[in-house]
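In what follows, every chain begins at residue 1, and chains take the letters A, B, ... in the order their sequences are listed.
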Amino acid sequence: MLKFAVKRVVACFFVLIAVSFLSFIVLSLAPGDTAVTILTHTFIGFDDIIHDADVQTVSQLYNLDSPLILQYWAWLKGALLGNWGTSYVHNVPVWSLILSKIPYTLFLGLIAFFAAFIISVPMGLYAAAHRNGAFDHISRFVTIFFGSIPNFWLALVLIIVFCIKLNWLPVTGIGSPLNFILPGITLMVGMIPTTFRITRSSMSEVMGQDYIATAKSKGLTPPQIVSKHALVNVAPSVITMAGLEIGHILGGSVIVETIFVWPGIGKLLYDSIISKDYPMMQGCIVTISLGYIIAMFLVDVITASIDPRIRLGGSRN
Amino acid sequence: MNNKLDGFRHFCRRNSLFVIGSISVILILFTMTVGPSLCTHDPNAVKYSEKCISPCAEYPFGTDFSGRCVLCRVIYGAHISIGVALVVVVVGAFIGVTVGIVAGYAGGAVDSILMRLVEIMLSFPGTIFALAVLGTLGNGTINQIIALTVVRWAHYARLARGETLTVMNSDYIQAAQAIGNSRLRIIVSYIFPNIIGQIIVIATLSIGPVILAGAALSYLGLGAQIPSPEWGLMINGGKEYIRQAPWITLAPGMAAVLTVFAFNLLGEGIGDMIDPRLKEKAEAD
C-alpha cells in the first residue's frame, strides 16, 4: 500500500511539473512586450511617459530577456521554495493572494457539491435499480436538461427571479448565509448531471453482474440485494466520481464567481486574464491543477485501499 | 405493413431519447437554415427610437438596448454558436483520432510520449486551459475555436487509442499486414473505418457541452465580439438591462438551452443505441 502511494506521489509530481511548464509556455506566447504590460499597470493613465530605458530596467528586473526555458527554470526553483512571483497588478506575492482566496471557493464549492451529491446519488441508485422504469426515464430527462443550461444564464435567471422580481435574496456579498444560496444553486445544477449519470451507470453495471443474479436466486429481497451486495460494489466508482468533482471545485466556478462577485480563486483568475497579470494567471492555473491532482491522488489511494484489484494491478481499467 | 408500423413503434419506445433528440435537432437546424430568410428585421440594424420594446407582434422576443430585433439576432446567433461547436468537434476529433491511431498503432516510445501529453492535457480543467489560451491569443471567434479545440482533442485521442488497440488484435489487421499493406494503408482502410462509429458517438455527445463552453467564453467577453449576435455575448450585453428588459437575456439563453438539450438527447440516444458501455467510458472523463 505504501509503495503504491509513493509511486502515485512521484507520478503526480511529474504531472504537476508538466502542467506548470505547459501553462508557462502558453502564457509566454502572448503577444506584446511583458515589460510594457507591467509598466502600463504601474503608470495607469500615463502610458506616454514610459521610456525605453524603463522597459529595459523592468525586463532585467523580471528576467524577461533570458531564454524561455531559463525563465521557467527560475520560476520553478522559486515555486518549489514557496515563491510564486509577484502580481503585476496588485504588487503582492501571488501565493499569499491565492491562499487568501482558496477558502471562499472551496467553501462554496463543497456546499454545492454536497447538495448535488445528496440529491443525485440516491436518484441514480434508484433509477438504476429500476432501470427503464418511469422514474429512470424522468430522472434521465431532467438531468440531461440540467446539463443543457449555461451556468451564466442560470445565474442571471435566478437573479431576475429571486433578487429582482421577488426581492428575497441579495445578488452579491459574502456576509450572510443567504449569499450562498444563488451561487450554490447555480454550481449545484451544473454538478447534478455528472454525479447522477455516473452513479446510475455504475449501479446499472453492478446490477447486471452474476453475483446480483445469485443473490436474487437465493431469495433475497430487493432491499437486501441493494444494501448487502450492490452498494459495496458501487462505492469505488462513486468515490472516484466524488473525487473528480471535488477536484474540479477550484477551477469550476470562474463564471459563477464572476457573476456573483464572489471573492474566490475563479474571480481572481478571470481578473488576472482581463488585466494580463501573467504571474497571477500562472499561479491560479497551477493551484487549480494542483487541487485536481491532489483530489485524484486521494481517490486513487482510497479506492486502492477498498479494492485490492487496483492496488495489485496498478490500474483501474 | 402493420408489422412494420409495430416495429417502428417498438423502436421509438426503446430509443425515445434518440427519436426526440433527432427530431429536435432537425427542427433546430431547419430553423437555423430557413429562419434568416423569414426575418423581417436586420439583426444588426441599430434603431434607438425602438429600444427595449417588450415582446409584441412586431418583435416576438422584443428589442434590445439598441433597438435590434432579439428574435432575429437569436436566429442569426445560432449559426455562430452551433457553427463554432461543429468546427471544434470536427477538427478536434480529426486531430485526436490521428494522434490516437498513431499512438495505438506505433506503440512503444511514440505511444508513451503522445499519451503522457494527452494525460497532461486532461489534467488541466478544460475551461481554465481555454481561458489561458485565450488570454494568450487574444479574443475573437477564431481564437475561441482554437482554444476549445486545444482542450477537446485529447479526449478523442485517448478514446481513439483505446479503440485502435482493441482493433489491432483482430485477425483482419494481421491478415492485412501479412499481405504486405503499407502502414498508412492499414491505418486508413482497416483501422479508421472500424473505430469511426465509436468516435461519432463521442463526438455527438460532446457537441452540447462544446456549445456551452463556447457561449461561456463569449459571455466572458473572450470569444465573439460586439456586435456579433452570439448567444453568450447577447446574454452578457443584456445583463445590464435585466431590470427593464429581461427578455434580452432570457431569449438567447432559452435558445441555447433548447439547442444543447436537443444535441444532448441525440448524443445520449445514439449512445444508448450503439454501445452503452462506450458512453460510460466517455462519462468518466
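When the ring pair (Phe, Tyr, Trp, His ring centres under 6.0 Å) test is applied to A/Phe260, no partner is found at least two apart in sequence or on another chain.
For the atom pair CD1 of A/Ile273 and CG of B/Leu222, the computed distance is 6.5 Å after rounding to the nearest 0.5 Å. Distance CG/B/Leu17 to NE2/A/His137: 8.0 Å, rounded to 0.5 Å. Distance check: A/Ile274 CD1 to B/Asn139 CG gives 7.0 Å after rounding to the nearest 0.5 Å.
Top candidate by heavy-atom pairs under 4.5 Å with chain A, chosen from B/Thr249, B/Thr259, B/Leu117, is B/Thr249. Put simply, of B/Pro246, B/Ala213, B/Ala215, the one with the most heavy-atom pairs under 4.5 Å next to chain A is B/Ala215.
Of all non-hydrogen atoms in B/Val260 and A/Gly147, the two that sit nearest each other are CG1-O, 4.4 Å. Minimum interatomic distance between A/Tyr270 and B/Leu220 (heavy atoms only, all atoms of both residues): OH-O, 3.2 Å.
Between B/Leu212 and A/Trp153 there is no side-chain heavy-atom pair separated by less than 4.5 Å. The closest side-chain heavy-atom distance from A/Arg197 to B/Glu268 is below 4.5 Å. For the pair B/Phe261 and A/Ile149, the minimum side-chain heavy-atom distance is 4.5 Å or more.
With a 4.5 Å cut-off on non-hydrogen atoms, B/Met254 touches chain A through its backbone and its side chain both. For A/Val254, the part lying under 4.5 angstrom from a heavy atom of chain B is the side chain only. Of the two parts of A/Ile144, the backbone and the side chain both hold a non-hydrogen atom closer than 4.5 Å to a non-hydrogen atom of chain B. With a threshold of 4.5 angstrom between heavy atoms, B/Leu258 does not approach chain A through any atom at all. Neither the backbone nor the side chain of B/Ile211 has a heavy atom closer than 4.5 Å to any heavy atom of chain A. Using a 4.5 Å cut-off between heavy atoms, A/Phe145 touches chain B through backbone and side chain atoms alike.
Under a cut-off of 6.0 angstrom, the local environment of CZ in A/Phe297 is crowded, with over 12 non-hydrogen atoms contributed by other residues, nucleotides or ligands.
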ask   = What's the verdict on side-chain contact (heavy atoms from CB on, under 4.5 Å) for B/Leu265 and A/Phe141, showing C-alpha distance, side-chain angles and the deciding distance?
value = CA-CA 8 Å; B/Leu265 287 177; A/Phe141 225 73; 4.0 Å; yes
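Note on residues 110-123 of chain B: pairs passing salt bridge (Lys or Arg N to Asp or Glu O under 4.0 Å), not counting sequence neighbours, are B/Asp111-B/Arg161, B/Arg116-B/Glu119.
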Check residues 11-25 of chain A and write down every donor-acceptor pair under 3.5 Å in which the side-chain atom is one partner and the other belongs to a residue at least two apart or another chain.
residue	atom	partner	partner atom	Å
A/Ser20	OG	A/Leu16	O	3.4
A/Ser20	OG	A/Ile17	O	2.8
A/Ser20	OG	A/Tyr72	OH	2.7
A/Ser23	OG	A/Ser20	O	3.3
A/Ser23	OG	A/Gln282	OE1	2.7

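Along residues 154-163 of chain A, the residues that come nearer than 4.5 angstrom to chain B, judged on non-hydrogen atoms, are A/Leu156, A/Val157, A/Ile159, A/Ile160 in order of number.
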